Every structure is written in C-alpha cells, then in structure tokens.
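As structure tokens, the structure follows; a few thoughts come after it.
Keep in mind that this is a model prediction, so the values were computed, not measured. These values consider heavy atoms only, across backbone and side chains, with no hydrogens, waters or symmetry-generated copies.
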Amino acid sequence: MNNVDIENLLESLCETNFDYISVLKQLNVKKEQYISLHQESEANLVWVYEQIVKINQGFVEIYNLIKSEKYYDAWCEAERVEIIINSLYRNITNKVENIDFIEHQIRNIQTLYPYTLFASYEAIYKRKKCSICDQEISIRNQCEHIKGKIYYGRECIHVVSEVKVLGISLVKNPVHKFAVLFPSKKESDSKADNYNYNAVKFLSEIWSSPYMYWDLEIQNKFKSHSDFASLSEADMCPCDSGNFYKECCQQNLQGIRYNHYVILYNNK
Amino acid sequence: MNNNRHLQVSETYFSINNYINSDFVSSDLEEDILSSSILFLPLVDFRESGRPLFHNGTSDFYNFCKKSTDEKVDICIDDDKYEEIALCCADYNFGDFLIIGQLALNIFTSILSSYIYDRIVNKRLQTKNGEPTDQSFISTKSYLAPPTVRFEINVKDSIGKKSKKFSYEGPASEVSEVMEQIKQIWNE
C-alpha cells in the first residue's frame, strides 16, 4: 500500500459502509513499516491520514449516539473528536475541507446542548515526562521534542508523573468538557440525567445521515416579564448573561432575551 | 494612550531582589538572572499553596522563547523546585514576566504574540472585520467563546528609573494589537 493507494481508499471516507477499523489497521501497519525504515516524514504523513479517518469515524459515532438518545456519550465523543482535530491542525498547514465541515458541525451540536456548568480540577503538576524520549521535563534542560508535534508517527505529549490535586472548581468554560455536572435531587439518583435535550432531539429528527448538510442560526427572541413573576431584581437574569436581572433584561421592555435556534438543512 | 479595555497599565516599583533572595532561587543562579533581559516570574503563594508555581504550559512557552531570540531568557526558580499549576479552566494563563529595556520588550511582545497566534487563536473560524461570525459565538455558551488569555508584563528600563506594569486579560485575537499598544505606551 503506497500513499496513492491510501488517498484512493480515503475517497470513500464519507460513504455509509466505510470500514474504519480495517483501514486504521492497514494504516498502522504502513506506519510501522516506515518507522522500521527510519522514514520519519512518511510515518508522519500516515499519522495524518490516521487522524482524518479517526475524526470521521468519531463524527459518525456522534451521529449514531444522538440517534440512540445517548446524549452525554455523544457529547464526550464530540470532545474526543475536537481534540484529534486540534492535534491534526497543529501538524499540518493546509486546510482539509471534510475536517473543517466536521469541526463546524461539532460546534453547532455543542451549541444545542443544555450543559452550562462543569467540574474542573485544580492540580499541581510536580513532575512531567516527555512521551517520546521518556525524559523528565527539567525547565532548563528540556529535551528536543516539542509538545503537540509528531515524531515518527507519534504525538509528543507531556505525561504527568507526579501530581497533587488541590480541589475542584465549578466553571463554565472547562478544559475537560466531559466533566459535566449532573445535579440530582436524591442521593439515590446519582446516575440521573435531568437535563432538557429538546434542542438536540429536534436536530435528531431532522438529521437523516451524518454528512447531511445542516447549519445553525441563532435568533434573539423575548419572553414576557410576566412569565417570570417570581423573579426578583437581585436574581441572576434568566438570559444567562451573568448579570443581575435589574441590571439586565428588566430594563428591556421587550422582555427577557433568549436564544431561539433555527436549524437550516438540505436533505441531500 | 491605552485604547484597549482589557489592558491595565500602572506605574510600579518592581524589585527582582524579592525573587533572588527567596528560598526558591539558589545563589548560583543569581548572576544569570540579573544579566537576563527576559525573566519568567513565579506566582508566589498562589491559591495559598505556600510554594512558587508557574501556570501549566510555562515550560513550553519558556522553551519557545529561548529558541526565538538571542536575548538572555531565564526563569526565577531552581530546576528542582519548578512546578506547574493546572487550573483546567479553558482560559490561557501565561503568568508574570519581567522585561528589561526597550529592545527586549520589542522582542518579547513579538514572541508572545506569535506564540498565541500560532497555538491559541483558532484561525479556521470565519471572521468579518476581525470579529468571529461563527453562530456558536453568539450563543451564551462560555465553552464556545473565543479563547481568553492572561499575562502580566513588568517592564523596567536598564538603569532602573522607569518601571511599568501591563496586565492583560482578554481575547487571544486582540493580543497582537495590544502588544503594539504596550510598546507605544512604554515609549511615551
């Protein structure tokens, strides 16, 4: 299998019966061959193809999970795909249309989710090692490897070998999107998911195949103040601006602002 | 004149002696630190930790900085005391720096701006007049907002008469413009 064979194989990447597992196995074999021949740039190129396949595989999995109403699992898969996309783009200079499409769709999907609060750990990283050469990261004597770059088909990451966790913070913009808070009323309800997924369910009804084109438009709409009769001035504004009601939508005669999501789609 | 609402500028008296005389900088580093024009400074007693810390990712930026210039770059910490704190909120914290002189300031602002543009600004998102047009930005989801960066640059002239502090907390996309402002303000 040479690079032309790989590119021909990837032409059918967006087709329903694409065999991701088999293709990834073949790519891995090819990469190992290049590594054994000390052909670094060729091994790195195969790594790029691998990531493209994984991104598409993950995107189709997101679609399947949403269709199966496994919304939190789909959310986690979306984060995994995001991470691979960022990793890929750290190592290539040209744009890949298929990947840009997937990245855009993932942002649209995340916009529709009801999650707003996440648990974020705070920790001291006392010791870190380079995943390529296993050398401890010493501030004045660092190894030659750059975190995020690819060496012989492997990404350099810093492995934390000694850590002290200080605590947990509740944040709205986490590094780890999987750390969603799931509030429940009873202790026995520890696995309850009480979020309202109506917006995602609506998408699911329209979205008939993974690569079907759809896009998101957000419109400002307003709800009457009378719909929030129990709201006091000192409460946080329901529009989620982060401001108090009296400093925010209470001033607006139109009412309380909310996002109205419009899904634009082409069923081709 | 400061036109950026995310940039705070103040006159300051900054002394490197507070760091050199501390228990996290040994005497054999003193000469190197005093002769450097770009210095990485630890956060002291951050989160009441009782130890000097650097933000997660400092080692990457330090490495990048050293490779990007012939100016002397150093860090106010003994090797074996170097530790990073990970806050795991998606904002990018670069920490505090001391820059000595106009030339080093010009070089450092360029390096930091370049690093942020290359590694943090998502150039794939569409923009119009510099503002993102991606609909997800219009939503109130903080985790989809453009990345925020934080840093503090203390600048002193080489004879120690003039000293200013520049603190920035704002969009990564505005950093390049802010760096130009910093250089202008320092020159005033």
Side-chain angles (χ1 to χ4, degrees), chain A residues 85-86 89-90 95 99-100 103-104 106-113 115-116 118-128 137-142 146-148 158 160 162-164 166-169 171-177 179 215-220 239-242 257-259 261, chain B residues 29 32 40 42-43 46-64 66-67 73-92 118-120 122-126 132 134-148:
Chain A
I85 291 174
N86 288 334
Y89 272 122
R90 271 197 292 272
K95 290 178 67 159
I99 303 304
D100 288 354
E103 187 176 31
H104 182 76
I106 284 177
R107 290 187 66 87
N108 280 342
I109 291 165
Q110 289 171 332
T111 304
L112 293 173
Y113 267 73
Y115 306 146
T116 55
F118 305 82
S120 164
Y121 69 80
E122 294 184 352
I124 295 176
Y125 295 159
K126 301 173 91 170
R127 297 281 180 267
K128 293 202 277 190
I137 310 293
S138 168
I139 190 64
R140 288 185 175 81
N141 291 298
Q142 296 191 42
I146 298 171
K147 190 172 85 170
H158 285 179
V160 179
E162 193 180 336
V163 63
K164 179 179 176 180
L166 297 177
I168 300 279
S169 294
V171 299
K172 289 186 173 184
N173 60 336
V175 166
H176 307 116
K177 290 195 179 97
D215 209 343
L216 192 62
E217 185 183 290
I218 302 176
Q219 297 172 351
N220 279 335
C239 78
D240 206 26
S241 62
R257 193 192 66 80
Y258 69 96
N259 287 335
Y261 299 118
Chain B
L29 289 179
D32 281 337
F40 284 56
L43 308 166
F46 186 74
R47 290 280 199 268
E48 297 173 353
S49 59
R51 64 223 285 169
L53 294 168
F54 293 85
H55 283 294
N56 186 24
T58 296
S59 59
D60 299 334
F61 180 54
Y62 180 71
N63 213 17
F64 180 86
K66 283 188 77 81
K67 288 179 180 174
V73 181
D74 212 324
I75 186 164
C76 289
I77 194 84
D78 291 340
D79 282 20
D80 60 351
K81 293 189 174 69
Y82 177 82
E83 294 178 340
E84 291 181 351
I85 182 158
L87 297 179
C88 296
C89 152
D91 295 343
Y92 292 85
D118 285 347
R119 311 272 180 110
I120 297 172
N122 187 341
K123 296 175 278 295
R124 301 184 294 284
L125 294 171
Q126 292 176 344
D134 196 296
Q135 287 282 297
S136 59
F137 286 135
I138 299 169
S139 76
T140 52
K141 304 288 170 67
S142 300
Y143 53 79
L144 293 174
T148 293

#### Entry: Interchain contact, Ile137(A) with chain B, by part (heavy-atom threshold 4.5 Å)
side chain

### Task
Identify the two heavy atoms, one from Asn173(A) and one from Cys89(B), that lie closest to each other, and give their separation to 0.1 Å.
OD1-SG, 3.3 Å

### Message
Given heavy-atom pairs under 4.5 angstrom as the criterion, report whether the side chain, backbone, both or neither of Arg90(A) touches chain B.
### Response
neither

### Message
Heavy-atom cut-off 4.5 Å, strictly under: side chain, backbone, both or neither for Lys66(B) against chain A?
### Response
neither

### Summary
Bottom line for Tyr82(B): the part with an atom under 4.5 Å from chain A's heavy atoms is both

### Query
Is there side-chain contact between Arg51(B) and Ile124(A), with heavy atoms separated by less than 4.5 Å?
yes

### Message
Under 4.5 Å from any heavy atom of chain B, what part of Gln142(A) do you find: side chain, backbone, both or neither?
### Response
side chain

### Task
Please tell me if the side chains of His158(A) and Glu84(B) come closer than 4.5 Å, counting only heavy atoms from C-beta onward.
no

### Task
Counting only heavy atoms closer than 4.5 Å, note whether Ile146(A) contacts chain B via side chain, backbone, both or neither.
side chain

### Task
Check each atom of Leu53(B) against the heavy atoms of chain A and say whether the ones under 4.5 Å are side chain, backbone, both or neither.
side chain

### Candidate pair Lys141(B) and Tyr115(A), rule side chain to side chain contact (heavy atoms under 4.5 Å, CB included), full reasoning
CA-CA 8 Å; Lys141(B) 304 288 170 67; Tyr115(A) 306 146; over 6 Å; no

### Verdict with reasoning, Lys128(A) to Asn56(B), per side chain to side chain contact (heavy atoms under 4.5 Å, CB included)
CA-CA 11 Å; Lys128(A) 293 202 277 190; Asn56(B) 186 24; 3.4 Å; yes

### Task
Measure the spacing between CG of Leu144(B) and CD1 of Ile106(A) and express it to the nearest 0.5 Å.
11.5 Å

#### Entry: side chain to side chain donor-acceptor pair (under 3.5 Å) partner of Arg140(A), chosen from Asp78(B), Asp79(B), Asp32(B)
Asp79(B)

### Message
Please determine whether a side-chain nitrogen of the Lys or Arg among Lys164(A) and Glu83(B) lies less than 4.0 Å from a carboxylate oxygen of the Asp or Glu.
### Response
no

### Query
Which bit of Asp91(B) is near chain A, if near means a heavy-atom gap under 4.5 Å: side chain, backbone, both or neither?
both

### Side-chain (Tyr143(B)) to main-chain (Phe118(A)) donor-acceptor, under 3.5 angstrom
no

#### Entry: Partner chain A: residue of Ile77(B), Ile85(B), Asn63(B) with the largest heavy-atom pair count (under 4.5 Å)
Asn63(B)

